[in-house]
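Input: a single structure, listed below in structure tokens.
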2 protein chains.
Amino acid sequence: MPQRREAVTIADVARTVGVATSTVSRALNQPGRISDELRDRIVAAAATLGYHPNPQARSLTSGRTQSIALLVPDITNPFFFGLIRGAQAQARARGHRHVLVDTEESAEVEALTLAELPASVDGIVLAAARLTDAELTAAAGRVPLVLVNREVPGLRSVVMDTAAGALQALDHLVSLGHRSVAYVAGPATSWSSRKRWRALQRTARRLGVDCVRIGPFPPTMAAGAAAADAVVHHRVTGALFFNDLLAIGALRRFAERGIRVPDDLSVVGCDDIFGADFCRPPLTTLTTPVEQTGRVAVDMLLSTPTVGEPVRAGQTLPTHLTIRESTGPVPTRRAGRP
Amino acid sequence: MPQRREAVTIADVARTVGVATSTVSRALNQPGRISDELRDRIVAAAATLGYHPNPQARSLTSGRTQSIALLVPDITNPFFFGLIRGAQAQARARGHRHVLVDTEESAEVEALTLAELPASVDGIVLAAARLTDAELTAAAGRVPLVLVNREVPGLRSVVMDTAAGALQALDHLVSLGHRSVAYVAGPATSWSSRKRWRALQRTARRLGVDCVRIGPFPPTMAAGAAAADAVVHHRVTGALFFNDLLAIGALRRFAERGIRVPDDLSVVGCDDIFGADFCRPPLTTLTTPVEQTGRVAVDMLLSTPTVGEPVRAGQTLPTHLTIRESTGPVPTRRAGRP
DNA sequence: CTGAAAGCGCTAACAT
DNA sequence: ATGTTAGCGCTTTCAG
């Protein structure tokens, strides 16, 4: 394998052109403050020599690293793919590199990363944070931070309004005649699952329909089987799942047990992940603006709030119900079920 | 928003303990070369003060950055999710950070990234490279490089053996009675698509079956519709798709046009991405060890070949055919087709 | 085993 | 408009 070649430095360029290193630096970074003729010569020399700035060295003096980090609890979860995409796209658009960290659903890994990373990045987008409000507030003192799907007083965040969306979904089921539904909860640590459940509970009461909470479950397809069995056991006619992964996993289990969706049971997912439109049956689900969330979060992170300007600490992005084929009228009899 | 706090440096620790900075550095990096008692005091002080090394500064002197980059042509493609996962997991296991770059299917972005990145990372894993052999060889001279799904003489690589897999798939179709099949090609720039086609062509001739090449197509679900129409037009009874994305997109189109899979037409995908098992019908596909590929590539990248030890430049990972429900016996009549 | 000192490549005052 | 001079935080000689 070839040797790792010595990199071309600013000093090489300076020597070639016959100027000071600081002049080269300026020519490349503040093109206005240098004579056009000299700047052209410097730029040309840099190109000829194949000069590329060393971000490490640059960040050491300037404090800026031109890179941001995105922390997600589980890179395995397709939901986060959209977030990664959106964040990556916006980071690139704003000239930043993108470090991806999987915190493995662990508060400890999250805390450690938050402690180690500040020197390496200009800011952090933290999705589905596991830490406490106090810990997050402390972290935000060390590095610019934007939370995704989590709100903490005083911290910047962008959340998808799945609570409002869940109500839409509930309305949808109620309008189809359902009077007894279940909410299949996500992880106990999930802020959005808790928030959604509270909204559902309140509204169900107002609407006079039964809404039971089942779970918590891990947000995975594998857990869908157990969730499905629990739903069946509760004898409801409709189920709102914490996310599509769980719902799709459950769909398979329902099929195995001979429970027809939506004839015997209506199923609503959440997120509208890749696959929700081509699973069997195509899933009625809460469509969330995942990519947009990633973009907005990065934008928020990178925007330096001008002094005096009102800082919008939290943004809530709307969701909408996408009706496909997993929901239908309430069954008139409990056909095919014990 | 809180101010960005001054970070604790090695000098702070040194002052607290009353030693030189170099001693602190050694205590933290070469624990053997310092007295146990002093090392303990230093480590304790570092913990108390909340010291975390600044990777930028460290890399400036040491040359090592403790981070690697993964370059993928399109972060949107679920196929790469597995790769990202595997790479991220192995990088973490080996104590490295992970920078993700989407080269947007563009040779220029790829070249630029390869030029800019070397100072920031200890090595690069480059998936589905678009550049020429010469350009890649040049890049490998500047930074440790491992190619994924691309082979270049003299460079390290890990490829999934989809050519062999495609032959298995062809055998499968032939054994079901198919005599006229199509290969739906991926992008013209795809090394693995070309390689697969050559293998298929050769074997089809030997087996005495017809194998036409259709395409190229972009490797997306959206392109699946056009691919499906082309397949129908060629009046084959079986089709091998470049990837699952294309195949799943085609499945939907076939359904729209009233063509039954597998009754009228057998479909084989490639990759076994998320969703291939729950689409309609579940897809017979070439299962590729994507995550393993990511792990192996990172391992290869980070392993310093001992002098004298034989360097294994290229690794080929096996694939296998996963038979689900999109393939079946050849139709006896051209039912339902013009 | 520990300390002093010299940079790594770059930017940001401060001069001129 | 350009050059000079300090460092950024850390590792690494080189001396004790």
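Just so we're clear, the structure is a prediction, and the values are computed from it rather than from any experiment. Every chain is numbered from 1, with letters handed out A, B, ... down the list of sequences.
At distances below 3.5 Å, at least one donor-acceptor pair connects side-chain atoms of Asp12(A) with backbone N or O atoms of Thr9(A). Not a single donor-acceptor pair under 3.5 Å links the side chain of Asp122(B) to the backbone N or O of Ile68(B). Side chain of Asn149(A) to backbone of Met160(A): a donor-acceptor contact under 3.5 angstrom is found. For the pair Arg150(A) (side chain) and Leu131(A) (backbone), a donor-acceptor distance under 3.5 Å is present.
Taking atom CD of Gln56(B) as the reference point, atom P of dT11(D) lies 13 Å away to the nearest angstrom. In this structure, Ile42(A) places its CD1 atom 12 Å from C1' of dG3(D), rounding to the nearest Å.
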>> How would you summarise protein contacts on nucleotides 10-16 of chain C per nucleotide, using B for base, S for sugar-phosphate only and - for none, with heavy-atom distances below 4.0 Å?
In response: BBBB---
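Partners of Phe79(A) according to the ring pair (Phe, Tyr, Trp, His ring centres under 6.0 Å) rule, which considers only residues two or more places apart in sequence or in another chain, do not exist here.
The listed nucleotides are dC8(C), dG3(C), dT2(D); the one nearest the side chain of Leu60(B) is dC8(C).
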